[in-house]
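Everything on this sheet refers to the single structure shown next.
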Amino acid sequence: MLLIASANGSVGMAAGWTILRAGGSALDAVEAAARMVEANPDDHSVGFGGYPNLEGEVELDASIMDGATRRAGAVGAVCGYRHPITIARGVMERLPHVMVVGRGAERLASELGMERENLLTPESEASWREGRDGELPSSDSRRRLLDRVSSLFTDPEHVAGTVNFLAIDGAGHLASAVSTSGWAWKYPGRLGDSPVIGAGNYCDDRYGAAACTGWGELAIRGATAHTVVGGLAAGLPLELAAERAMNELRGLDVPGGEPIMQLVALDSAGHHLGLSSQPGNSYVAWEEGQDNYATLPRRLVPITGQ
Ligand code: GLY
């Protein structure tokens, strides 16, 4: 058994591990773990209390994948429900679809019995107002606001969050879950990599799983999570498969600032790692025989330059 996550997933590790230790499925474990982060108002990159979009609305994206069947469910631009990971699971298990966005996803949430609520906390609203410089969205000020948003691309606190969970259960099955509120001040309706299967999330029992945090636009353009698992399928060891996926992002043009990409990955034998394009970052891992999770360094793999 194994459960790994981005560092902000630490608040969900106990919930996920309790399920795995009791003989539960990897799918149940990653969903339960992600829900803990979605409910954490102090995490402004996921769920309740997430930073809102340009218009001040918290819009959430999430996806979940079952490595045994390669079935997947994803939702995007969901407003008013704190647990998009559970709606994503509803897409996977209740609909003949993979991805449902906006009003459709909110309708499904309601049909699944979830309660609508305001996800904006005073703290995330204050940060949003600060970024807007207090401007109102008249057509004139909106142009200035878009310029201001471009200048905020360099701030990792506002553009690089998201939570990843990858698990292997006692039966050897894999599952992955990713949830995010996306970039602060994002253009309404913008989807990142988190709900895009193959970009921010991919999982296959035969080979392994990978998930991303950072600039979603890069992971979409590089099909980063699938590139890792595709490398494993081609016979590369985990280190090389993951490094190759990061290297594929080198040289992609970006709108400004230093591009950020981080990934966590594991192979079906239970090896795991975290990589980051920036120094000093970590991920968390809980392995069989341990009585708590460990915080481990991510290896630095720069993605700037040729
Ligand atoms: N990586 C999350 C996002 O870009 O929305």
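Whatever order the structure lists ligands and atoms in, that order sets their numbers, starting from 1.
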Is any N or O atom of Asp193, backbone or side chain, closer than 3.5 Å to an N or O atom of ligand 1?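 Yes: some nitrogen or oxygen of Asp193 is under 3.5 Å from one in ligand 1.
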Would you say Gly182 has any N or O atom under 3.5 Å from an N or O of ligand 1, going by distance alone?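 Min N/O separation from ligand 1 is not below 3.5 Å for Gly182.
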Plane angle bin for His226 and Tyr202 - parallel if under 30°, tilted between 30 and 60°, otherwise perpendicular
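Tyr202 and His226: perpendicular rings.
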Checklist entry - Which class fits the ring pair Trp185 and Tyr51: parallel under 30°, tilted 30 to 60°, perpendicular over 60°? => result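 Parallel, since the angle between the ring planes stays under 30°.
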If you draw a 6.0 Å radius around CD in Gln290, do more than 12 non-hydrogen atoms from other residues or ligands fall strictly inside?
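Counting neighbours around CD of Gln290, more than 12 heavy atoms of other residues, nucleotides or ligands fall under 6.0 Å, so yes.
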Show which atoms of ligand 1 fall inside a sub-4.0 Å distance from at least one heavy-atom site of [X].
X	result
Thr162	1 (N), 2 (C)
Gly192	5 (O)
Trp183	4 (O)
Ser194	2 (C)

Work out whether the distance between some heavy atom of Gly214 and some atom of ligand 1 is less than 4.0 Å.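 Yes.
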Any residue meeting salt bridge (Lys or Arg N to Asp or Glu O under 4.0 Å) with Arg89, in chain and number order, not counting sequence neighbours |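 Only Asp28, Glu31, Glu93 meet the salt bridge (Lys or Arg N to Asp or Glu O under 4.0 Å) criterion with Arg89.
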Give a yes or no on whether the ring-centroid distance for Phe48 and His83 is below 6.0 angstrom.
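For Phe48 and His83, the ring centres are not under 6.0 Å apart.
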Exercise. When Ile, Leu, Val, Met, Phe, Trp and Tyr are grouped by side-chain heavy atoms lying under 4.5 Å apart, directly or through other members, which residues fall in the same group as Val30?
Worked result: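 When side chains under 4.5 Å apart are linked, the cluster holding Val30 also contains Met1, Leu3, Val11, Met13, Trp17, Leu20, Leu27, Val37, Val46, Ile64, Ile85, Met92, Val163, Phe165, Val284, Trp286, Tyr293.
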#### Entry: Selection from Lys186, Glu59, Arg190, Glu217 by shortest heavy-atom distance to atom 4 (O) of ligand 1
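Among Lys186, Glu59, Arg190, Glu217, the closest heavy atom to atom 4 (O) of ligand 1 comes from Arg190.
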